Amino acid sequence: MIVKEKDRLKPKKKEKKDPSALKEREVPQHPSCLFFQYNTQLGPPYHILVDTNFINFSIKAKLDLVQSMMDCLYAKCIPCITDCVMAEIEKLGQKYRVALRIAKDPRFERLPCTHKGTYADDCLVQRVTQHKCYIVATVDRDLKRRIRKIPGVPIMYISNHRYNIERMPDDYGAPRF
């Protein structure tokens, strides 16, 4: 097979960049609600995104979710459950029926999900990145690590049979121990 000269690919010529030209970089737009690391959108009543394992560990520690949140933050708290978290609890089956009953509590606010799939961690991270008005309640190490990378989002967790909060501005909530 003979390859003709016109059928061959022509070598791509690299454009020489002018070293004196200004370099354009895309810098991500920071949300206007953040004043340095201080999130101005946070304030009572607190909206708390609850993860599946947070409900399960609360049951193990015999903690009432809403009351313990109020004891931690000294303010009204509205626990929020996304459709993904609800689906995750329903998938766990009969063993976690108490968690499902707690999640269906009328005091909890249901947040509808529009995305495909039911992986709750991705759902929570995506929601918190878009709207920084939430506190995330979780005991999952990987999820905590992912949320720490998002500025201005506090994390609620369980330690010593009580709720604690991390990365919360000092003038809000209960004193740290």
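Owing to the predicted nature of the structure, the values given are computational and were not obtained by experimental measurement. For this chain, numbers begin at 1 and follow the sequence in order.
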Nearest non-hydrogen partners of [X] and [Y], listed with the distance:
X: M86; Y: I81; result: N-CG2, 4.1 Å
X: C80; Y: Y134; result: SG-CE2, 4.3 Å
X: A120; Y: C84; result: CA-CB, 3.9 Å
X: A75; Y: M70; result: O-CG, 3.3 Å
X: R107; Y: D105; result: N-OD1, 2.8 Å
X: I89; Y: A103; result: CD1-CB, 3.9 Å

Treating Ile, Leu, Val, Met, Phe, Trp and Tyr as nodes and any side-chain heavy-atom pair under 4.5 angstrom as an edge, say whether [X] and [Y] lie in one connected cluster.
X: L63; Y: Y96; answer: no
X: L42; Y: I150; answer: yes
X: I155; Y: I78; answer: no
X: I55; Y: Y119; answer: no
X: V85; Y: V98; answer: yes

For this session: Say whether, by atom type as modelled, one donor and one acceptor occur between the side chain of D140 and the main chain of D142 under 3.5 angstrom.
Result: yes

Exercise. Pick from T82, T138, N56: which one makes a side-chain hydrogen bond (donor to acceptor under 3.5 Å, both in side chains) with D51?
Worked result: T138

Problem set entry | Residues in side chain to side chain donor-acceptor pair (under 3.5 Å) contact with Q126, at least two apart in sequence or another chain | none

Problem set entry | Contacts of type side chain to side chain donor-acceptor pair (under 3.5 Å), residue S58, not counting sequence neighbours | Y163

Note, [X] side chain near [Y] side chain (heavy atom, < 4.5 Å):
X: C72; Y: R162; value: no
X: L73; Y: I135; value: yes
X: M156; Y: N164; value: no
X: H47; Y: H131; value: no
X: H115; Y: C123; value: yes

Just verifying a value: how many Å separate [X] [atom1] and [Y] [atom2], rounded to the nearest 0.5 Å?
X: S68; Y: K62; atom1: OG; atom2: NZ; result: 13.5 Å
X: Y46; Y: M69; atom1: OH; atom2: CE; result: 13.0 Å
X: D121; Y: K144; atom1: CG; atom2: NZ; result: 13.0 Å
X: L100; Y: L92; atom1: CG; atom2: CG; result: 9.5 Å

Exercise. Using a side-chain heavy atom cutoff under 4.5 Å and only I, L, V, M, F, W and Y, what cluster partners does Y157 have?
Worked result: none

Seminar exercise, completed: Sorted by chain and residue number, the salt bridge (charged side-chain N to carboxylate O under 4.0 Å, His left out) partners of R141 (sequence neighbours excluded) come out as none

For this session: Kindly write out the residues that satisfy salt bridge (charged side-chain N to carboxylate O under 4.0 Å, His left out) with R146, not counting sequence neighbours, or none if the list is empty.
Result: D122

Problem set entry | Pairs satisfying salt bridge (Lys or Arg N to Asp or Glu O under 4.0 Å), at least one member in residues 75-103, at least two apart | D83-R110

